[in-house]
Amino acid sequence: MRREHGIFYRIDKIVVVLYLILVFFGWLNIYAAVYNENQPSIFDFSQRYGKQLIWIVAALVLAVMVLAVDPKIFSQFAWLIYGGVILLLVVVIFVGRDISGARSWLRIGRIAIQPAEFAKLATALVVAKYLSRFDLNLKSFKSWIRPFALIGLPALLILLQRDLGSALVFASFLLVFYRFGMSQYILLSLLGMIVIGILALLVNQYILVGILFALAFIWFLMTQRRTRNLLIILTLFLASASYLFSVRFVVNQVLQPHQRERIYVLIGKTSDPQGAGYNVNQSLIAIGSGQFFGKGYLKGTQTKFHFVPEQSTDFIFCTVGEEWGFTGSLILILLYLGLFARIIILAERQRSTFSRIYGYSVASILFFHFFINIGMTLGLMPVIGIPLPFLSYGGSSLWAFTLLLFIFVRQDSYRSELV
Amino acid sequence: MEKRYANRQFVILGIFVLIGIAFIIRLFYVQLLANKYFLSANSNVLRHITQYPARGLIYDRNGKLLVYNEAAYDMMVVPRQVKEMDTVEFCRLLEIDIGSFRERLAKAKRYSWYRPSVFTQQISREQFAVLQEKLFRFPGFFVQPRTLRKYPYPIAAHTLGYVGEVSARTVENNPYYKPGDYIGISGIERSYEEVLRGKKGMKIRVVDVLNRDMGSFQEGKYDTLSVAGTDLWCTLDADLQAYGERLMQNKKGSIVAIEPTTGEILCMVSSPAFDPNLLVGRIRNENYRQLSGDTVNIPLFNRTLMATYPPGSTFKLVNALVAEQEGIVSPRYRIPCYGGFDLGDGHLVGCHLHETPVDMANAIQHSCNTYFCTIFKSLLEKDGFYETEQGYNRWRDHVMTFGFGAPTGLDLKSELPGFIPQTTYYDKYYGKNRWRSLTVISLAIGQGEILVTPLQLANMTATIANRGYYIIPHVIRGVGMNKNTELKYREKHYTTVASRHFEPVIEGMEQVVTLGTAMNARIDSVVVCAKTGTAQNPHGEDHSIFVAFAPRENPRIAISVIVENAGWGTTWAAPIASLMIEHYLKGTTKRTYQENKMLKGDLINP
């Protein structure tokens with residue numbers, strides 16, 4: 001391929017087109033969510049859709065800049081960027097501004113940014129950098145301590161800002177670790193803990209212990225009857241039983257009543273459409289009332305009259321569900337799945353380990369947001385305030401996601417440059 | 001080294017796809033299968049506001065407005081939409097206490113979480129003005145305009161009736177009514193409910209999360225307009241009614257006046273009366289409790305239709321007519337009176353001192369008991385002493401054609417039939433064939449078992465004034481622009497007594513006023529025909545009764561007046577009737593002495 005055709009001929013058009021569709025569709029829905037019949041101008045920069053328009057333009061400029069620079073700098077400066085973001089995260093704990101309970105905003109002049117959004121990007125870079133070291137041996141359990149520390153540190157700092165949602169996002173790196181050699185038992189036991197934890201609150205504890213015991217017994221019968229197997233199974237059984245009781249104890253005795261109520265509402269033990277379950281109930285009403293074809297753009301009554309809180313940010317999917325209906329929601333989900341799959345496919349064909357790992361990080365982070373956010377609006381996930389990538393209102397998240405994605409697009413284009 | 005884990009990419013892709021499928025299944029359920037979300041969305045934003053039509057107005061016979069409407073506002077609540085709010089402020093604005101607030105909210109919740117129900121009825125215009133601006137701070141509450149009845153004159157409460165909240169039973173049986181709706185409960189409001197109420201409309205408004213009105217739903221495509229109720233023209237003469245109520249103040253009793261040629265009721269006074277404005281709006285419950293608690297005077301009781309009295313001597317008119325018709329006596333035939341009618345067992349139906357012998361006119365003039373007992377005995381024994389029962393039945397049939405013994409068919413509900421006993425009644429009491437004319441001789445003078453309502457008495461007078469027919473009395477003469485009432489209220493009901501027999505009786509009635517028992521009922525230049533009555537009553541002093549019509553030729557008013565426990569017909573009932581007639585025919589009276597005496601007369605707290 002000739003050099004003079006330039007970078008723009010080598011970038012992956014599918015990813016870029018999917019990105020542009022999502023961003024534009026997001027803006028349409030933000031407009032709908034804050035739409036006011038008496039003030040329909042789209043260029044009102046005091047309104048959220050006006051601001052989002054500025055941020056979209058800025059994001060596109062950022063994307064072009066990323067595509068223009070030498071892709072090697074991202075791996076070379078990974079530690080520096082990571083260090084800088086960690087510093088910002090520490091700073092924000094002390095000087096940040098409190099917005100809706102979380103101290104995650106940093107104000108510089110007239111611009112407020114959320115360092116947590118950029119921490120995901122920096123961690124993705126550093127994880128890729130670290131895991132791609134040729135001398136790394138990841139066979140032992142101990143060798144995973146450092147990678148976990150790399151994602152644990154920013155997560156902890158963000159947790160200190162009381163921003164649980166953004167901290168949880170770092171769990172998405174577990175998928176990356178898994179792809180590159182981490183034992184599947186870690187993922188499985190995590191899944192097991194979640195399942196047992198939920199059941200512990202829903203089902204009678206003694207019945208549950210009985211079921212666990214029965215499972216352990218059947219398992220033992222199916223394995224060879226060696227002392228070692230017996231010990232493993234027994235240990236697992238005792239561990240899950242004690243875990244079960246400690247979950248019950250913590251939820252029922254340690255947590256504050258309002259926290260307990262929120263957990264109960266989530267797992268469907270109690271319903272409280274006016275209190276803890278208000279957001280989700282209204283969200284489901286908005287989405288459900290969209291039916292097959294939706295109510296039509298700008299015609300969603302729940303959207304227009306602001307029945308769903310946070311509708312332009314965390315609950316933007318409600319607008320899609322109500323105004324575009326099942327068809328629109330289905331297409332959106334397919335677009336996202338297409339983007340994730342495309343990133344995975346591109347990652348798999350990278351020659352440089354750094355780019356491959358980085359690609360998986362991008363896919364995992366985006367997927368995690370998609371999973372929690374839409375799951376939350378559909379009442380399947382807890383109400384954790386994290387944005388839907390590219391759709392939700394917000395400059396920091398849009399820029400961070402854009403950078404995250406386009407650094408990968410740049411890496412990918414560099415792959416063909418070497419040919 | 002990661003080549004070993006290459007197949008894990010498919011696991012990861014599998015997780016992505018699995019979650020995607022889970023979301024699509026969930027969306028399929030939420031958007032396509034479950035319709036509760038769709039319905040909730042509507043209940044979130046759509047507010048169905050009933051458009052209550054203005055109830056029809058009621059005018060008197062001269063076009064005076066008797067009943068109109070005034071705007072009022074009901075505070076409505078949709079319990080599901082009530083959120084945390086400043087309850088104290090809200091209670092302060094509505095002037096209720098917290099306990100009452102909780103109680104009302106609980107009641108609304110019991111009815112429905114989703115449908116609006118009345119929280120506070122009829123808040124005043126001033127309260128409404130203050131509330132309106134602050135209403136957005138109280139989600140779930142909204143105001144619905146209603147109308148309240150208003151009465152410019154404090155009269156005719158019994159006839160006009162009142163409006164009140166519909167009962168739970170009516171709501172169940174009649175789909176038109178919803179809880180909190182108003183319905184006519186008595187009087188004209190009740191019997192003409194369907195004409196007066198009009199047709200409710202429905203407006204669908206869209207509201208936002210703060211319960212602010214965001215306009216109509218789909219440009220009002222599904223809105224229906226309310227249709228105002230139809231106005232009524234009633235037969236009452238407001239002036240006469242008011243005058244009658246004044247004359248009857250501090251007395252128990254009633255006045256019913258009828259225009260004989262049309263059967264239109266000119267006034268219906270039941271005393272003690274009350275101001276109809278008392279039974280309107282939020283003060284109604286309290287006032288109703290007070291009025292219904294007065295068990296001595298029972299002001300809510302409509303005496304004109306529901307009180308029954310022995311007609312006393314006024315009934316002699318009917319007996320005379322029946323006797324004439326049956327050929328028992330000719331008007332010229334004179335019967336001597338020696339102070340009473342001998343019952344043959346040592347008892348006497350006493351009579352007072354007057355000239356003797358008397359012909360029919362004289363007998364009426366003097367209200368001679370002997371005369372009427374004699375003809376009544378002959379009447380019952382016309383076919384022989386042992387055929388009394390046959391004679392009695394013949395008499396009863398005649399009497400019934402005067403509108404006695406059954407409801408007249410007035411266009412108001414709860415009218416009582418009165419009582420004209422059947423032979424079986426006496427058979428039961430005395431045994432078959434064990435009673436004769438002398439057993440029931442008190443009927444001759446309007447005592448005994450018979451009972452009549454004041455309305456029936458007035459109707460009898462109208463019948464005599466008409467010389468033999470009546471038109472069913474009614475209180476409504478026109479519905480809307482259509483001034484004709486139903487055929488029922490235009491037909492003539494003839495009595496079984498021929499027209500020619502009436503003149504002698506009417507002659508007697510004129511003499512009652514000119515020479516006889518009620519000379520205090522005379523009116524200058526108007527020939528009044530009348531009859532006094534005194535109804536014995538077991539509970540206390542006699543009831544004073546008076547019936548009259550005037551003028552003698554082309555009568556314009558027939559009237560019955562009953563003053564309870566007031567003694568002779570002459571003392572109270574006669575002057576009141578005569579003042580009423582004079583007021584109606586001339587508009588004023590010169591007999592101020594008599595008028596003042598009647599106005600001041602206090603028979604309740606003497």
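Note that the structure is a prediction, hence the values are computed from the model and not measured. To find a chain, count down the sequence lines: A is the first, B the second, and so on, and within it residues start at 1.
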query: Using 30° and 60° as the class limits, which term best fits the ring planes of Phe326(A) and Phe28(B): parallel, tilted or perpendicular?
result: perpendicular

Ring center gap for Phe370(A) and Phe23(B) short of 6.0 angstrom: yes

task: Give the minimum heavy-atom separation between Tyr37(B) and Ser289(A), together with the two atoms involved.
output: O-CB, 4.1 Å

Residues 357-365 of chain A: residues contacting chain B (heavy atom under 4.5 Å, by number): Tyr360(A), Ala363(A)

field: Test side-chain contact (heavy atoms from CB on, under 4.5 Å) applied to Ser329(A) - qualifying residues, sequence neighbours left out
entry: Phe317(A), Val320(A), Leu27(B), Gln31(B)

message: Looking at Leu334(A), I want to see if its CG is surrounded by more than 12 non-hydrogen atoms of other residues, nucleotides or ligands under 6.0 Å.
response: yes

- prompt: Which value, rounded to the nearest 0.5 Å, describes the distance between Ile19(B) atom CD1 and Phe368(A) atom CZ?
  reply: 11.0 Å

message: Do Arg26(B) and Leu284(A) make a side-chain contact, defined as non-hydrogen atoms from C-beta onward lying under 4.5 Å apart?
response: yes

message: Minimum heavy-atom separation for Arg8(B) and Met182(A), please, with both atom names.
response: NH1-O, 2.6 Å

message: Taking CD in Glu103(B) as the centre, count heavy atoms belonging to other residues, nucleotides or ligands within less than 6.0 Å. Is the count above 12?
response: no

message: I'd like to know whether CZ of Arg349(A) has more than 12 heavy-atom contacts from other residues, nucleotides or ligands below 6.0 angstrom.
response: yes

- request: Take atom OH of Tyr185(A) as the centre, draw a 6.0 Å sphere, and report whether it contains more than 12 heavy atoms from other residues, nucleotides or ligands.
  value: no

message: Do Ile12(B) and Phe367(A) make a side-chain contact, defined as non-hydrogen atoms from C-beta onward lying under 4.5 Å apart?
response: no

- prompt: Heavy atoms, side chains only, cut-off 4.5 Å: are Leu175(A) and Ile15(B) in contact?
  reply: yes

query: By side chain to side chain donor-acceptor pair (under 3.5 Å), which residues pair with Ser172(A), not counting sequence neighbours?
result: none

- prompt: When you look at CD of Glu348(A), are more than 12 heavy atoms from neighbouring residues, nucleotides or ligands closer to it than 6.0 Å?
  reply: yes

Toward chain B, the part of Gln291(A) with a non-hydrogen atom under 4.5 Å: both

Which atom pairs, donor and acceptor, lie under 3.5 Å between side-chain atoms of residues 196-203 of chain B and protein residues at least two apart or in another chain?
| from | atom 1 | to | atom 2 | distance (Å) |
| --- | --- | --- | --- | --- |
| Arg197(B) | NH1 | Tyr177(B) | OH | 2.6 |
| Lys200(B) | NZ | Tyr176(B) | O | 2.8 |
| Lys200(B) | NZ | Asp181(B) | OD2 | 2.4 |

- request: Check whether Lys295(A) gets within reach of chain B through its side chain, its backbone, both or neither, counting any heavy atom under 4.5 Å.
  value: side chain

message: Taking every non-hydrogen pair under 4.5 Å, which of Leu337(A), Leu330(A), Leu378(A) racks up the most with chain B?
response: Leu378(A)

Side chain / backbone / both / neither for Ile333(A) at chain B, heavy atoms under 4.5 Å: side chain

